[in-house]
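Comments concern the structure below.
Residue numbers begin at 1 in each chain, while the letters A, B, ... track the order of the sequences. Side chains are part of it too, since the values below use all heavy atoms of this structure and drop only hydrogens, waters and symmetry mates.
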Number of protein chains: 2
Amino acid sequence: MDGSDSERTSVTRRAVERIKEMISSGEVGPGQRLPTERDLSARLGVSRSSMREAIRSLTTLGVLEARHGAGVYVTALRPADLLETFSVLAEVSGGETLLEVLQVRRIIEPAATALAAARATDADLERIGALLDRIDGDPATAADTVTADLGFHQAIVAGTGNATLAAVNDGLSSRTFNARVWAGHREAGFTDALREDHRRIHEALLARDPEAARAAATVHVMRVERWLTAELATRETRDR
Amino acid sequence: MDGSDSERTSVTRRAVERIKEMISSGEVGPGQRLPTERDLSARLGVSRSSMREAIRSLTTLGVLEARHGAGVYVTALRPADLLETFSVLAEVSGGETLLEVLQVRRIIEPAATALAAARATDADLERIGALLDRIDGDPATAADTVTADLGFHQAIVAGTGNATLAAVNDGLSSRTFNARVWAGHREAGFTDALREDHRRIHEALLARDPEAARAAATVHVMRVERWLTAELATRETRDR
DNA sequence: AGCCTCTCAGTGGTCTGACCACTTTTGCAC
DNA sequence: GTGCAAAAGTGGTCAGACCACTGAGAGGCT
């Protein structure tokens, strides 16, 4: 049994740990259903309230999924399930943190794009090309462009075949930020530069040229980075 | 934007949104204290149980912090506060995902180490050196070595001055996984290789040589990666 | 007065039991 | 067999009570 020293750990935290153990030990696998809340609470000797808070915690983390009337299930545990956190980060953080986020993307995206140039399947490349057309085309709304842009980068990172890498990068990409980038460039008439970046990346991928892909991706992220720096500077000046 | 139709949204989810609004609108700022649970539940017209689940959710995400007997506080909202998620990923996921995580670290750590070689302050380097001594020294317990090892890499990434980068990388580093690595290498008598990797990284940092630092970090991560691959293979063979 | 201890009100943590909303299964009528 | 309605099961919510802990003020000691 567990240690007789119950220490200072809260009941709920212990319940969380026990459920995590059940998962990591393989007692319940991805997609499988957990015992009922009432059952679990009785088995672990805690009240249903505490058990529910434990489940809520794991649900928030994307480990569990509760279906009203049907039961609590373990998610597929794919890294993509755990992206909520960083989206919250993007929601609350200001300009300073956004710059840091871009610097992280300047590390990840070039490497990912280079990997994709080597690993992506032909189907991946086709999908990426289609998204590029949606960016370059004559979209009805600006929202379309943003969606296609996000999908473009997402598809590239997914083309590495590494779902964890894709999840991390997705978490660092905020839709609202992306929209700001496009709006800012449109205002200044610089959208062609963004489109050229994308075309350059796409060509490198088609050519299966990792180094060219890396360079193209780096140029692209740095352009956005420089834009944000200028944006923050003018905002600073205006607000003071 | 998101539907304001409150139709089928759960009570708890609405409570979460309301609290997030309170934060993003500046009604309560980082470090400040929220109204009491009883107060909040009355104000939003939900039961205290549901309010507690909402708070639990935001606590899990690292947005709120509950202090027993003292109140619920908004965290500093630093990126580091929101690292729990990925550590859970590393805890719960199987071998396949662990490999993916290591591939991500092989992208991030070399770049971060190179950056640290250029940017880290002398105080940073001193701290890193001290941690290296704790790894190389004659530690009382294996846990000490693991702690020092984690701290070593953590300090390096922190030396880039990018807190977001540090938070991401920390989230990809699991203590339990690190312990497995050391245990595995100790069993095979390969701990010297790990120690040499660390020394090589440290020397590159002291020499302010980004490229050497990048190479040293790459070698290190790849060593762990190769070990894990072998480990998974033998495990596979044994279990079948 | 100044300092220390100790009580106590306030707050988060846990428990219980009830009822509601939804899903899935059961079983009856056709 | 088919279709549908009832019922059983499950997560979601609510209410009220008590426990564990914190912080501050009351009271006593030096």
Pair B/Thr147-B/Asp144, side-chain donor/acceptor within less than 3.5 Å: no
Separation of C/dG13 C1' from B/Arg38 CZ (nearest whole Å): 10 Å
Whole-Å distance separating the OH atom of B/Tyr73 from the P atom of D/dT22: 12 Å
Criterion side chain to side chain contact (heavy atoms under 4.5 Å, CB included) on B/Val146 and B/Leu150, from CA distance to verdict: CA-CA 6 Å; B/Val146 173; B/Leu150 280 172; 4.3 Å; yes
A/Phe152 and A/Ile128: CA distance, side-chain angles, deciding distance, side chain to side chain contact (heavy atoms under 4.5 Å, CB included) verdict: CA-CA 6 Å; A/Phe152 178 74; A/Ile128 293 169; 3.4 Å; yes
B/Thr36, nearest nucleotide to its side chain (from C/dT11, C/dC15, C/dT14): C/dT11
B/Ser47, nearest nucleotide to its side chain (from C/dT14, D/dA15, D/dA20): D/dA15
Between P of D/dG11 and CZ of B/Arg13, the distance in whole Å: 17 Å
Separation of atom CZ in A/Arg52 from atom P in D/dC14, rounded to whole Å: 11 Å
Closest nucleotide among D/dA15, C/dC15, C/dG12 to the B/Glu37 side chain: C/dG12
Aromatic ring pairing B/His153/B/His220, orientation class (parallel under 30°, perpendicular over 60°, tilted between): parallel
Between P of C/dT14 and CE of B/Met51, the distance in whole Å: 18 Å
Under 4.0 angstrom between A/Arg33 side-chain N/O and D/dT10 OP1 or OP2: yes
Test item: A/Glu100 side-chain N/O and B/Ala163 main-chain N/O as donor-acceptor pair under 3.5 Å: yes
Whole-Å gap separating C1' (D/dG11) and NE2 (A/His68): 5 Å
Gap between atoms CD1 and C1', on B/Ile55 and C/dT11 respectively (whole Å): 11 Å
B/Thr12 side chain near D/dG12 phosphate (N/O to OP1/OP2, under 4.0 Å): no
Check: A/Ser49 side chain, C/dT16 base, donor-acceptor under 3.5 Å: yes
Sugar-phosphate only, base, or nothing, as touched by A/Arg67 at under 4.0 Å among non-hydrogen atoms: sugar-phosphate
Candidate nucleotides C/dT14, C/dG12, C/dT24, ranked by approach to the side chain of A/Glu53 - the nearest: C/dT14
Rounded distance (Å) that lies between atom P of C/dG13 and atom CZ of A/Arg14: 14 Å
Under 3.5 Å donor-acceptor pair, B/Arg48 side-chain atoms to C/dG13 base atoms: yes
